[in-house]
There are 4 protein chains.
Amino acid sequence: MRPSSSTSEPFAFLVAVGAVTERTGRVAWLQAMLDVEAALAESQAELDLIPADAAAQIKVACRADQFDVDAVFDAASLSGNPSVPLVDALRAAAGADAAPHVHAGATSQDVMDTATMLVAARCAEHVSGRLTHLASDLERLAADHASTAMVGRTLLQHALPTSFGAVASSWSDAVLAGVDALDCVALPVQLGGPVGDAISFGARAGEVTAGVARRLGLEVPPRPWHAQRTPVTQLAGAWGSVAGAAGGVATDIVLLASSDIAELHEVADGAGGSSSMAHKHNPVAAVSARAAAAQAPGLVATVLHAAGGHELQRAAGAWHAEWPALQSLLRCTGAAVEWLAASVERLVVDPDRMASNLDAANIPQEARRP
Amino acid sequence: MRPSSSTSEPFAFLVAVGAVTERTGRVAWLQAMLDVEAALAESQAELDLIPADAAAQIKVACRADQFDVDAVFDAASLSGNPSVPLVDALRAAAGADAAPHVHAGATSQDVMDTATMLVAARCAEHVSGRLTHLASDLERLAADHASTAMVGRTLLQHALPTSFGAVASSWSDAVLAGVDALDCVALPVQLGGPVGDAISFGARAGEVTAGVARRLGLEVPPRPWHAQRTPVTQLAGAWGSVAGAAGGVATDIVLLASSDIAELHEVADGAGGSSSMAHKHNPVAAVSARAAAAQAPGLVATVLHAAGGHELQRAAGAWHAEWPALQSLLRCTGAAVEWLAASVERLVVDPDRMASNLDAANIPQEARRP
Amino acid sequence: MRPSSSTSEPFAFLVAVGAVTERTGRVAWLQAMLDVEAALAESQAELDLIPADAAAQIKVACRADQFDVDAVFDAASLSGNPSVPLVDALRAAAGADAAPHVHAGATSQDVMDTATMLVAARCAEHVSGRLTHLASDLERLAADHASTAMVGRTLLQHALPTSFGAVASSWSDAVLAGVDALDCVALPVQLGGPVGDAISFGARAGEVTAGVARRLGLEVPPRPWHAQRTPVTQLAGAWGSVAGAAGGVATDIVLLASSDIAELHEVADGAGGSSSMAHKHNPVAAVSARAAAAQAPGLVATVLHAAGGHELQRAAGAWHAEWPALQSLLRCTGAAVEWLAASVERLVVDPDRMASNLDAANIPQEARRP
Amino acid sequence: MRPSSSTSEPFAFLVAVGAVTERTGRVAWLQAMLDVEAALAESQAELDLIPADAAAQIKVACRADQFDVDAVFDAASLSGNPSVPLVDALRAAAGADAAPHVHAGATSQDVMDTATMLVAARCAEHVSGRLTHLASDLERLAADHASTAMVGRTLLQHALPTSFGAVASSWSDAVLAGVDALDCVALPVQLGGPVGDAISFGARAGEVTAGVARRLGLEVPPRPWHAQRTPVTQLAGAWGSVAGAAGGVATDIVLLASSDIAELHEVADGAGGSSSMAHKHNPVAAVSARAAAAQAPGLVATVLHAAGGHELQRAAGAWHAEWPALQSLLRCTGAAVEWLAASVERLVVDPDRMASNLDAANIPQEARRP
């Protein structure tokens, strides 16, 4: 397996791979924004706040493939966010009767914030699936090597014997801790209207919010959170944890695959060559996983800084700063997970080398355990 | 109220205030490490793994005020962590009979990791208490001003009317989201022994771990997590979220207290003066809260990077890098919360100014709501 | 003027604008790598190390438009960097006679590191030009408003009178400090061969390096710097400074354009609208500049972390981690500068409002200066 | 040699060592602020702007040991910076005649910003000295081992033979690049008065600034830089580069000292022990250098973020956020350098092991060079 990329970035092979790219590119964001508009219209129609026919027409119009995606996002430079041009385009697409009921009571931030949660939910679902699959691969490896003795190394010094099974189990723990971290994140709808008090949605604002949440599979927040960004920072923290976990496991693989230890190898057709040394064989997947994971901490910091600088009812820059950082965070964390999964698929374990390294290890006999 | 400081750092007034300092300084860390050693001994004695007398003597000896705290931490430069000299000192303090049973089966990392969780738990309890109290102050403010109309500002532009009650409610939401973020963090015991497989604790390692967890009020992990740092990264992320929330509210206060808006003021004897302009009155508490909160994102990034670079059974630097960053994170986040609480205590609301600003606002009459 | 974007990223309008995108996209990187290969061949031919005909054929082949750019970068996932597939493609393009002389003595890192410096040099030239032009716009603004009195605000409190000319001058200083920061960065060639000792380039390695540097307009380093990354960190720091400077000026504009101060406005056809409030007019360019600038600090941290984790003769991940972070840093800093320039072009100054704000300011008469 | 610490922080052994602590603690900051006040008074007296007697009395009073240092810094919590209480205390110390001439024309920011540059200059002088000494140690090592062959490792794979001399030379390059980075930083005086236009210093403000710069060994800026923070961000970037360089060399040492490579060892009495494994010998100094260096990137990001959020004539929090981050950055970078120097002093090179590793290396005979 080899993660593939499909963007115009030069280093996409490191930071954008597999389904995560598909889900978080322009089309995925546009579809998420449209899904929010559709869910809003349907929820309002269900409560007789807008005509059912209008909601139906809006719903039909909310398909990203019916829009000029690039035009919408490029026009965002005029309004500062892509919601403004999207609403215009959606009104045109929904027809004259439905147009006045598009985006009713909503403001750009409602759409952007809720779409952010939706994109995050979809990415989390995908990445959690990959992590879960990876954990079962690792548990199988752990079972196969429960009694494969190897050197335990602390501070890179030979410490005491351990088993490769124990090591693979700890990798599985790391991977599953990532699944837990993503699971723990609350992803709430944000519907507050122009100044976040939900007054623009009328007396039944709570029911509208609940309807939107139900349709999108998101949570109902106690109140609009337009001006308090903890849902966004907690989301970023969890993805940062996943990247950290993936990077940590990849670090172990790179070390164990080093020529001086050589207890593991990545084996894959055509991968790992050098432009100058034919004899070398680099663990490219694990190396790429580390490189992708290393992008995450700085991106998390960007999101956290933005939260601390959010101004009043909607920030003048700190809100906008969240989007590219989150987008990059989803992509590079997803890439770290994909590359790690590729690395584990490629792994060849060398129990003989583990045994000979252990024999030769700087561990006194009395410290070796049965 | 004025947060106080008590360290030798020049800018302690910004990053170390109130009880958080007390709890996270050298004594607090030493006590936490001693609490881990005591809990370990008691748990082992309970299972008849070490003599009850030895455990009792160890328990008695585990009081930080009986140690030369500075000597322990200064000696850490020899071994790379303070656990090594502490164990030596504790063996001496516990007496010859108990000495062999001190730290039985444990390695430095067990003590450091579990003490980290304990310090974090104690800081979280303190900070959560402050946040909860602050939220009730804010809810009272919200109730008092439910019908105090003011300008809602998005991107710092006059948007639509809102109320100061709604603003204070959103601050309360932010503060309570911080409590939730801290509550969600799992703080597990870490007991793995030299290479993290818990073999050194014998067949009843699981029971020992459970006993330690029960005594310290920490969680029982599925397995030792010596080599996967998600408990640490999730902890850091949550504290980063709290700092972000505190910084965001403080940003609002600074803006609303600006001379050009002047809807709020911090009023406190002796505070807020200038070295050159007698007429100025700075909202020093909110400013300090922002400055403290702004330290957090970079520290979270440091912890996340360390996780991604953790090597094999114990990292050669990435593990050690967690400590000062986490310590600073607890302190600056705690300081941000204390300063924010001080700011809110000092707040004087000016409803007349809110009304006159709203009258003069750039909001068309038809957009103003009843 | 409106910065335009042309990538498939959803938030490209914030982080990739104008010529910076062109220069730093896939094609720009590929051309830079090809320029390195061509300069290497020509320098070696000049010293009679390879045949002149071969160098000429290589030179002719080194045009990005003759390559399948996407194929090269996608194949990078096999080798871990795009240099390996590029060398293969270049050998094919150069013809059988020249092929053995392509990339002679070089390793992937030589090409990647030197191309990084070249891309940075080209971006710096472009951005410095924009900054210089912007500074002259700001100096003109400063001259026009040398005696336009306004309120000076410290900690957002009215302090003492100043002039808009002084403010615009300080913005110009910030912008020119950015030019200086970029000018100060040394951008050296990196030619070390497989393990960085330049032995693969033979006895005249120093002359080869000097020839490459002369041809590319880069500096000659004292020795290959394959394993010490200060050229890269210094580069990142300087771009971070530029972003900080741009963000700081944009922050001032956003504040002075706030409805409560209203001393400045961004005026541009079609820009600044809201999806819910027709009366609002957002300073979209300054807001976007802030959002773009806010991406930079985290990216600088990523590059710095990579430097500290660089392993031996070429790092296993930390080297690769530099590329996407640097690429994003160049783009978001470039975008911050473009957006700031757009904001300044759109600025309308309101001296009457400055005067009336000053009249009404909380500044005692005796503190006002003539 | 063993770096020593002397603060109440638990992890001071990692982040505050040697002379850097002395120079950057409370006393060092207070003395720097006093040096600024003294230089200001003397410069003004030289120009007959204040009486010579007053300047002499102020100069005499400007000794940190005559002040209650803790009282000054603790009182900073009232005014938001330590300059306000210091000026009060200095006026009292200087006597009634001189008191009115203390801090003449200056504002808190002038003192804080210039003292920041002064502290940075003093720390840079100390750290550059250490780095220069370290580079000469490394060059000696390089000369001694110019022909000590060893395995070159790229991506941690055996690549080609190199020499330990070449490795030590590249370390020396990294260390000297750090010296260059610090040398390149301009450290200008900041004297702008209340709103940064220097009007409060009168017609000869430029001469006053030049006099202060001459006395303090700092640079004369073109204009006050109160509101544009590039001097601070460039400073932070350079220290970040030094930390990155130190961390990179320490990473190499940790790897070469790993049990599996074992080509280097840190040998020092009493250092490197384990709490559970007597046979282990950890390279504690290199590990500590890595841990200290790893603190830097996040701190640089904090300073860069603050620059981008600086508001108008003096920021309401972003300015204050610079201090603790810079202070920590100076300390941790200094600590990284001290620990690295300690590691190099402790190094024992094992040429036999290098030879046997090379013999056994996965490098084909034909790729091995004479």
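Naming: A, B, ... by sequence-line order, numbering from 1 per chain.
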S.K.: Only pairs of heavy atoms separated by less than 4.5 Å count here; which of B:Ala294, B:Ala243, B:Ala166, B:Ala245 has the most with chain A?
M.R.: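 The answer is B:Ala294.
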S.K.: For residues 146-153 of chain A, give me every residue with a non-hydrogen atom less than 4.5 Å from any non-hydrogen atom of chain B.
M.R.: A:Val151, A:Gly152, A:Arg153
S.K.: For chain B, which candidate among A:Gly237, A:Ala181, A:Gly178 shows the most heavy-atom pairs at distances under 4.5 Å?
M.R.: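 Top count of heavy-atom pairs under 4.5 Å with chain B: A:Ala181.
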S.K.: Donor-acceptor check, side chain of B:Arg368 to backbone of B:Ile363, threshold 3.5 angstrom: yes or no?
M.R.: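 Yes, B:Arg368 side chain to B:Ile363 backbone: donor-acceptor pair under 3.5 Å.
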S.K.: Counting heavy-atom pairs under 4.5 Å with chain A, which one of B:Pro231, B:Ala236, B:Gly247 comes out on top?
M.R.: B:Gly247
S.K.: Would you mind checking which part of A:Pro224 comes under 4.5 Å of any heavy atom in chain B, side chain (CB onward), backbone (N, CA, C, O), both or neither?
M.R.: backbone
S.K.: I'd like to check the salt bridge (charged side-chain N to carboxylate O under 4.0 Å, His left out) partners of B:Asp252; sequence neighbours left out, ordered by chain and number.
M.R.: none
S.K.: Can a side-chain donor-acceptor contact be found between B:Glu139 and B:Ser172 if the only test is distance below 3.5 angstrom?
M.R.: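 The criterion, which ignores hydrogens and geometry beyond distance, is satisfied for B:Glu139 and B:Ser172.
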S.K.: Checking B:Leu256 against chain A: side chain, backbone, both or neither under 4.5 Å from a heavy atom?
M.R.: side chain
S.K.: Answer with yes or no whether the side chains of B:Asn81 and B:Trp319 bring together a donor and an acceptor at under 3.5 Å.
M.R.: no
S.K.: Give, as side chain, backbone, both or neither, the part of A:Leu312 having an atom under 4.5 angstrom from any heavy atom of chain B.
M.R.: both
S.K.: Tell me if a side-chain donor or acceptor on A:His145 pairs with a main-chain N or O of A:Phe164 at a distance below 3.5 Å.
M.R.: no
S.K.: Between A:Leu235 and A:Val185, what is the shortest heavy-atom contact and its length?
M.R.: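 Heavy-atom minimum between the residues: CA-CG1, 3.8 Å.
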S.K.: Please examine the side chains of A:Gln109 and B:Thr154, heavy atoms only from C-beta on, and report whether any two atoms are closer than 4.5 Å.
M.R.: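 In short, these two side chains do not touch, never coming nearer than 4.5 Å.
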S.K.: By side chain to side chain donor-acceptor pair (under 3.5 Å), which residues pair with B:Ser169, not counting sequence neighbours?
M.R.: A:Arg223
S.K.: Has B:Asp110 got a side-chain atom pairing as donor or acceptor with B:Gly192's backbone, closer than 3.5 angstrom?
M.R.: yes
S.K.: Checking heavy atoms, do the side chain of A:His310, its backbone, both or neither come under 4.5 Å from chain B?
M.R.: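 The backbone, not the side chain.
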S.K.: Who wins among B:Val300, B:Asp173, B:Thr230 for the most heavy-atom pairs under 4.5 Å with chain A?
M.R.: B:Asp173
S.K.: Can you list the residues that meet the side chain to side chain donor-acceptor pair (under 3.5 Å) rule with A:Thr233, with sequence neighbours excluded?
M.R.: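 By the side chain to side chain donor-acceptor pair (under 3.5 Å) rule, A:Thr233 matches B:Ser241.
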S.K.: Which one, A:Ala250, A:Ala293, A:Ala316, A:Gly308, leads in non-hydrogen pairs under 4.5 Å with chain B?
M.R.: A:Gly308
S.K.: Count the heavy-atom pairs under 4.5 Å between each of A:Arg229, A:Gln234, A:Glu311, A:His226 and chain B, then report the option with the highest count.
M.R.: A:Gln234
S.K.: Based on non-hydrogen pairs under 4.5 Å, which of A:Gly248, A:Ala246, A:Ala186 is most in contact with chain B?
M.R.: A:Gly248
S.K.: Given a strict heavy-atom distance threshold of 4.5 Å, which part of A:Leu176 is in contact with chain B: side chain, backbone, both, or neither?
M.R.: neither
S.K.: Would you call A:Pro221 and A:Thr209 a side-chain contact if the rule is heavy atoms closer than 4.5 Å?
M.R.: yes
S.K.: Would you call A:Ile253 and A:Leu340 a side-chain contact if the rule is heavy atoms closer than 4.5 Å?
M.R.: yes
